[in-house]
Protein chains: 2
Amino acid sequence: MISTDLIKGSLKTIVLKLLKENGRMYGYEITRKVEELTAGQIKLTYGALYPILHKLENEGVLVTESENYNNRIRVYYSLTDKGESVVAEKVREMKEFIESLQNIVNPQPGLNHA
Amino acid sequence: MISTDLIKGSLKTIVLKLLKENGRMYGYEITRKVEELTAGQIKLTYGALYPILHKLENEGVLVTESENYNNRIRVYYSLTDKGESVVAEKVREMKEFIESLQNIVNPQPGLNHA
DNA sequence: TCATATATTTAAGTAACTTATATATTGCAA
DNA sequence: TTGCAATATATAAGTTACTTAAATATATGA
């Protein structure tokens with residue numbers, strides 16, 4: 001498992017990117033998808049996920065549709081137009097972040113920045 | 001610039017990895033090296049850096065040597081034996097983290113995990 | 001009958017940061 | 001010679017994105 005400190009700041013971006021890739025999803029589905037994609041390395045707790053979803057809905061980034069499945073409520077979330085542009089920006093930022101981290105953990109010895 | 005939320009949890013690992021690569025360094029030097037390696041994307045503020053260094057010293061991960069240069073105090077930090085193994089573990093974790101993030105932002109459509 | 005999986009919600013607590021402030025020297029430009 | 005930028009370290013106060021924990025409810029297989 002990866003320490004929660006490391007993962008913390010990236011949860012919102014992860015949720016948004018999954019919604020972009022998969023269209024509408026419900027909360028429980030999102031947690032399982034994250035585990036699947038990261039081979040169990042990243043786990044989204046419900047205490048983190050649902051507040052994130054509610055906040056993004058309040059901000060107009062997501063919209064919900066509640067449906068009934070097997071007598072259980074499912075709240076499906078999907079991106080608004082605003083959400084689409086928010087995702088694009090967040091993903092761009094994350095790619096820059098990944099690149100920066102790679103420059104740290106895999107420094108190129110030949111490349112002298114002096 | 002990358003949002004501070006994203007960067008937050010990785011600062012300690014970044015500091016430790018730089019010390020591993022460069023041997024002993026002083027605080028101010030570390031902040032500049034991070035900016036250089038990340039093309040200005042990641043900035044280590046002093047309010048973050050010095051508490052991190054002090055804490056790592058208290059934990060026996062780092063040791064200090066204070067020297068005088070141009071009438072300014074420089075506190076050089078370097079890894080202890082314990083520090084070396086801490087870095088190894090932290091870097092391993094960060095590589096897993098990067099890999100997980102890449103699986104999110106660059107999903108492989110052909111690869112079906114169902 | 002009981003544990004596990006499914007499904008959502010929210011309150012309370014933690015800690016890694018940011019922001020701001022303090023202090024002091026060197027060196028360059030106007 | 002005045003004043004700003006760069007160099008160098010330190011720490012107190014505040015923020016916030018999380019974690020942990022507790023609550024609620026149904027379906028399903030052993």
Side-chain angles (χ1 to χ4, degrees), chain A residues 1-16 18 24-36 40 42-59 61-62 64-77 90 93-94 97, chain B residues 1-16 18-19 24-36 40 42-59 61-77 90 93-94 97:
Chain A
M1 266 284 283
I2 301 168
S3 81
T4 65
D5 283 346
L6 214 50
I7 295 167
K8 252 190 192 186
S10 47
L11 294 183
K12 194 183 287 179
T13 304
I14 289 171
V15 169
L16 288 168
L18 287 189
R24 70 174 207 165
M25 298 177 86
Y26 54 99
Y28 190 75
E29 188 186 7
I30 293 174
T31 64
R32 284 185 311 180
K33 193 72 180 175
V34 170
E35 269 190 67
E36 182 193 315
I42 296 179
K43 279 174 188 161
L44 238 179
T45 61
Y46 306 122
L49 174 66
Y50 289 108
I52 285 174
L53 290 172
H54 299 334
K55 197 185 172 201
L56 290 172
E57 191 190 0
N58 287 334
E59 292 170 357
V61 173
L62 303 179
T64 60
E65 299 166 274
S66 291
E67 285 181 23
N68 220 290
Y69 179 81
N70 259 2
N71 282 332
R72 277 193 211 96
I73 295 167
R74 275 187 184 170
V75 185
Y76 283 93
Y77 291 85
K90 287 271 182 193
E93 186 191 30
M94 181 167 279
F97 178 52
Chain B
M1 266 283 283
I2 301 168
S3 81
T4 65
D5 284 346
L6 213 50
I7 295 167
K8 251 190 192 187
S10 48
L11 295 182
K12 194 184 285 179
T13 304
I14 290 171
V15 168
L16 288 168
L18 287 189
L19 285 170
R24 70 173 206 167
M25 298 177 87
Y26 55 99
Y28 190 75
E29 189 186 8
I30 294 174
T31 64
R32 284 186 312 180
K33 193 72 182 176
V34 170
E35 270 191 66
E36 182 193 314
I42 296 180
K43 280 175 188 161
L44 237 179
T45 62
Y46 306 122
L49 174 65
Y50 290 109
I52 285 174
L53 290 173
H54 299 335
K55 198 185 170 200
L56 289 172
E57 190 190 2
N58 287 333
E59 292 170 356
V61 172
L62 303 178
V63 284
T64 59
E65 299 167 274
S66 292
E67 285 182 24
N68 220 290
Y69 181 82
N70 259 2
N71 282 332
R72 277 193 211 92
I73 296 168
R74 276 187 183 169
V75 186
Y76 283 94
Y77 291 84
K90 287 272 183 191
E93 187 192 30
M94 181 167 277
F97 177 52

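In what follows, every chain begins at residue 1, and chains take the letters A, B, ... in the order their sequences are listed.
- Distances shown here put a side-chain N or O of B:Lys55 below 4.0 Å from the OP1 or OP2 atom of C:dA16.
- C:dT26 atom P lies 5 Å from atom CG of B:Asn71, rounded to whole Å.
- The line from CD of B:Glu67 to CD1 of B:Ile73 is 12.0 Å long, rounded to the nearest 0.5 Å.
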Please lay out, stage by stage, how B:Leu44 and B:Ile7 fare under the test side chain to side chain contact (heavy atoms under 4.5 Å, CB included). CA-CA 10 Å; B:Leu44 237 179; B:Ile7 295 167; over 6 Å; no
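- The residue B:Ile52 sits close only to the backbone: its heavy atoms come under 4.0 Å of sugar-phosphate atoms, none of a base.
- Side-chain nitrogen and oxygen atoms of A:Lys43 include none within less than 4.0 Å of the OP1 or OP2 phosphate oxygen of D:dT19.
- Here D:dA17 presents its P atom at 17 Å from CD1 of A:Ile7, a figure rounded to the nearest Å.
- Looking at heavy-atom distances under 4.0 Å, A:Thr45 makes contact with a base.
- When heavy atoms are screened at a 4.0 angstrom cut-off, B:Arg72 is found touching base atoms of the nucleic acid.
- If you check every strand for non-hydrogen atoms under 4.0 Å, B:Ser10 touches sugar and phosphate atoms only.
- Here A:Leu11 lies in heavy-atom contact (under 4.0 Å) with sugar-phosphate atoms only.
- Under the 4.0 Å criterion applied to side-chain N and carboxylate O atoms, A:Glu36 and A:Lys33 are assigned as salt-bridge partners.
- Counting only Watson-Crick and G-U wobble pairs whose two key distances fall under 3.5 Å, DNA chain C forms stems of three or more stacked pairs at C:1-30 with D:1-30.
- Regarding A:Met25, its CE atom lies at a distance of 16 Å from the C1' atom of C:dT8, rounded to whole Å.
- Spacing between atom CD1 of B:Ile14 and atom P of C:dA16 amounts to 15 Å, rounded to whole angstrom units.
- Ring-plane geometry between B:Tyr46 and B:Tyr28 is classed as parallel, the angle between the planes falling under 30 degrees on a 0 to 90 degree scale with a further cut at 60.
- Comparing B:Tyr26 and B:Gly47 by the nucleotide of DNA chain D that holds the closest heavy atom to each, the one mapping nearer the 5' end is B:Tyr26.
- Comparing B:Thr4 and A:Val75 by the nucleotide of DNA chain C that holds the closest heavy atom to each, the one mapping nearer the 5' end is A:Val75.
- Residues A:Leu53 and A:Val75 fail the side-chain proximity criterion, which asks for heavy atoms closer than 4.5 Å.
- The distance between atom OH of B:Tyr50 and atom C1' of D:dT7, rounded to the nearest whole Å, is 9 Å.
- Between A:Glu93 and B:Ser3, the side chains place a donor N or O and an acceptor N or O closer than 3.5 Å (distance only, hydrogens not considered).
- Residue A:Tyr28 places at least one side-chain N or O under 4.0 Å from the OP1 or OP2 atom of C:dT6.
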